[in-house]
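One structure is given here, and the rest of the page talks about it.
Side chains included, hydrogens not; waters and symmetry mates left out as well; all remaining heavy atoms used.
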Amino acid sequence: MLAEGGTVTLTEAQERVVQALAARAPAGWRRIVADIEVIEEAGGYAMDSVAFAIVPSGSDYADPTIEVDRATRDAVAALHRVIRDGGEDRTLGSLELTIEQDGTYRFAYDYAPPRRLNGQWDADREARLDGYLDLYRAEMAAR
């Protein structure tokens, strides 16, 4: 569904990304986490992504990787364009998306140049993503 005038709103663009990732998640997922960097280039977009789901595994949880497919990349590119053309003179460098099983989601945007795509190691981001399953376990234990 397009907004009046045929343009895509920010919310519509976000929902397309959410739907594309959720379609790739394994059955029984509880949460999806995606960290996606994007650079607009002549003729298209370069992207780097880390995406995984949290799923029950016996009495514990596992975090299988989700392949970021063409539909997801296209949805991220459309979101990038909506933000770029939104009149605030910002260019999306990366996003982190969390999707809950109940359908709620949260985007966190970073407008700095993407580090991984520019050949820079981001130790803090890597450590947070690598340790995410432990954070989820702690969150569930606290409930």
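- In this structure, CG in L95 is found 6.5 Å from CG in L79, a value given to the nearest 0.5 Å.
- For the pair M140/R30, no side-chain contact is recorded, criterion being any heavy-atom separation below 4.5 Å from C-beta on.
- Judged as a ring pair (Phe, Tyr, Trp, His ring centres under 6.0 Å), and not counting sequence neighbours, Y111 has no contacts.
- Rounding to the nearest 0.5 angstrom, the gap separating the CD1 atom in I36 from the CG atom in L92 is 9.5 Å.
- The OH atom of Y109 sits 14.0 Å away from the OG1 atom of T91 when rounded to the nearest 0.5 Å.
- Inter-residue side-chain proximity for Q120 and P113 is flagged as unmet; no heavy-atom pair is nearer than 4.5 Å.
- Ion pair R115/E37 not flagged as a salt bridge, since none of the NZ, NE, NH1 or NH2 atoms sits closer than 4.0 Å to an Asp/Glu carboxylate oxygen.
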Start with the C-alpha distance between T98 and Y132, add both sets of side-chain angles, then the distance that settles side-chain contact (heavy atoms from CB on, under 4.5 Å), and finish with yes or no.
CA-CA 11 Å; T98 305; Y132 196 91; 4.2 Å; yes
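- When hydrophobic clusters are built by joining Ile, Leu, Val, Met, Phe, Trp and Tyr residues whose side-chain heavy atoms come closer than 4.5 Å, directly or via intermediates, L97 is grouped together with I66.
- Residues I32 and F52 fall into different hydrophobic clusters, defined by Ile, Leu, Val, Met, Phe, Trp and Tyr side chains chained together at heavy-atom separations under 4.5 Å.
- Side-chain contact of T72 with D69: a donor-acceptor pair under 3.5 Å is present, judged by distance alone.
- Nearest heavy-atom pair, V55 versus A27, reported as atom, atom and distance to 0.1 Å: CG1-O, 4.3 Å.
- Within the 4.5 Å cutoff, no side-chain heavy atoms of R128 are placed close to those of D124.
- To the nearest 0.5 angstrom, T104 atom OG1 is 9.5 Å from I99 atom CD1.
- Taken from CZ in R31 to CG in D63, the straight-line distance is 12.5 Å, to the nearest 0.5 Å.
- V38 and L129 fall into different hydrophobic clusters, defined by Ile, Leu, Val, Met, Phe, Trp and Tyr side-chain heavy atoms under 4.5 Å apart, directly or through other members.
- The two residues P26 and A53 have their closest heavy-atom pair at CD-CB, 3.7 Å.
- With hydrophobic clusters built from ILVMFWY side chains whose heavy atoms lie under 4.5 angstrom apart, M47 shares a cluster with F107.
- When the side chains of ILVMFWY residues are joined at heavy-atom separations under 4.5 Å, either directly or via intervening members, V17 and V33 end up in two distinct hydrophobic clusters.
- We find the CZ-CD1 distance between R137 and I54 to be 8.5 Å, quoted to the nearest 0.5 Å.
- Contact detail for R73 and V68: the closest heavy-atom pair is NH1-O, 2.7 Å.
- Listed by first and then second residue, the ring-ring contact (aromatic ring centres under 6.0 Å, His included) pairs that reach into residues 15-49 are Y45-H80, sequence neighbours excluded.
- Of all heavy-atom pairs between A34 and L21, the closest is CB-CD1, 3.6 Å.
- Remark: E12 does not engage R16 in a salt bridge, criterion side-chain N to carboxylate O under 4.0 Å.
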